[in-house]
Asker: 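Below you will find the structure I want to go over with you.
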Amino acid sequence: MDTLERLKELLKQLSPDFNYDELKRENTLRNDLGLDSLTITILSILVEDEFNIPAVNDIHLTTVGDLCDYIDDVRCMM
C-alpha cells in the first residue's frame, strides 16, 4: 500500500464525512477535510505511529500531497 492509501486510512478515522473516493493530493487538511488544529495534532501522532517517523510539526504542510511528500522524504532519510 502506498503512502497516500495508508494516509487515507488514517484520515478516515479523523474526518469520516469526507468522500475519500475523491481524495486528491491537492485537498487541504483544514478546508477540504475539515481538520482543526487538535485533529491535525492527532493526525501527527497517528502518522508517527503508522510510518515509524518523528512527529510531524511542520505548519507548512497544508495539503494531503504535502504530508505524503514529507512522509516519503523522512522515510528515505532513515
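Every heavy atom of this structure was used, including side-chain atoms; hydrogens, water molecules and symmetry mates were not.
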Asker: Any chance you could lay out the side-chain contact (heavy atoms from CB on, under 4.5 Å) test for Leu35 and Ser15, step after step, and finish with the verdict?
Answerer: CA-CA 7 Å; Leu35 304 183; Ser15 183; 3.8 Å; yes
Asker: Is there a side-chain contact between Leu11 and Phe18 in this structure, where contact means two heavy atoms from C-beta onward sitting under 4.5 Å apart?
Answerer: no
Asker: Mind listing the closest non-hydrogen atom pair of Val47 and Ile53 along with its distance?
Answerer: CG1-CD1, 3.9 Å
Asker: Starting at CG of Leu7, measure out to CG of Leu67 and round the result to the nearest 0.5 Å.
Answerer: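 Going from CG on Leu7 over to CG on Leu67, the span is 5.0 Å.
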Asker: Which heavy atom in Asp32 sits nearest to a heavy atom in Thr28, and how many Å separate them?
Answerer: OD2-N, 2.8 Å
Asker: Return the set of residues passing side-chain contact (heavy atoms from CB on, under 4.5 Å) with Thr3 (not counting sequence neighbours), or none when no residue passes.
Answerer: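 Once residues adjacent in sequence are excluded, the partners of Thr3 under the side-chain contact (heavy atoms from CB on, under 4.5 Å) criterion are Phe51, Cys68, Ile71, Asp72, Arg75.
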Asker: Can you confirm whether Asp73 is buried at CG, in the sense that more than 12 heavy atoms of other residues, nucleotides or ligands lie under 6.0 Å from that atom?
Answerer: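 Yes - once you tally the heavy atoms of other residues, nucleotides and ligands closer than 6.0 Å, there are more than 12.
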Asker: Can any side-chain N or O of Tyr20 pair as donor or acceptor with the backbone N or O of Glu9 at less than 3.5 Å?
Answerer: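 Judged by distance alone, no pair lies under 3.5 Å.
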Asker: Checking the side chain of Ser44 only, and the main-chain atoms of Ile40 only, is there a donor and an acceptor separated by less than 3.5 Å?
Answerer: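 Checking the backbone N and O of Ile40 against the side chain of Ser44, no donor-acceptor pair under 3.5 Å is found.
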Asker: Measure across Leu46 and Gln13 and return the closest heavy-atom pair with its distance rounded to 0.1 Å.
Answerer: CD1-OE1, 4.2 Å
Asker: Are the charged groups of Glu5 and Lys8 less than 4.0 angstrom apart, N to O?
Answerer: yes
Asker: Please round to the nearest 0.5 Å and tell me the distance separating atom CG of Asn31 and atom OG1 of Thr62.
Answerer: 9.5 Å
Asker: Distance from Leu33 atom CG to Leu14 atom CG, nearest 0.5 Å?
Answerer: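 Here the interatomic distance stands at 9.5 Å.
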Asker: Side chains of Val64 and Leu29, heavy atoms from C-beta outward: is any pair under 4.5 Å?
Answerer: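 When only atoms from C-beta onward are counted, Leu29 and Val64 do touch, with a gap below 4.5 Å.
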Asker: Indicate yes or no for a side-chain donor-acceptor contact from Asp69 to the backbone of Asp66 under 3.5 Å, with no hydrogens or angles considered.
Answerer: no
Asker: Quick check: does any side chain N or O of Arg30 sit under 3.5 Å from a backbone N or O of Asp36, one acting as donor and the other as acceptor?
Answerer: no
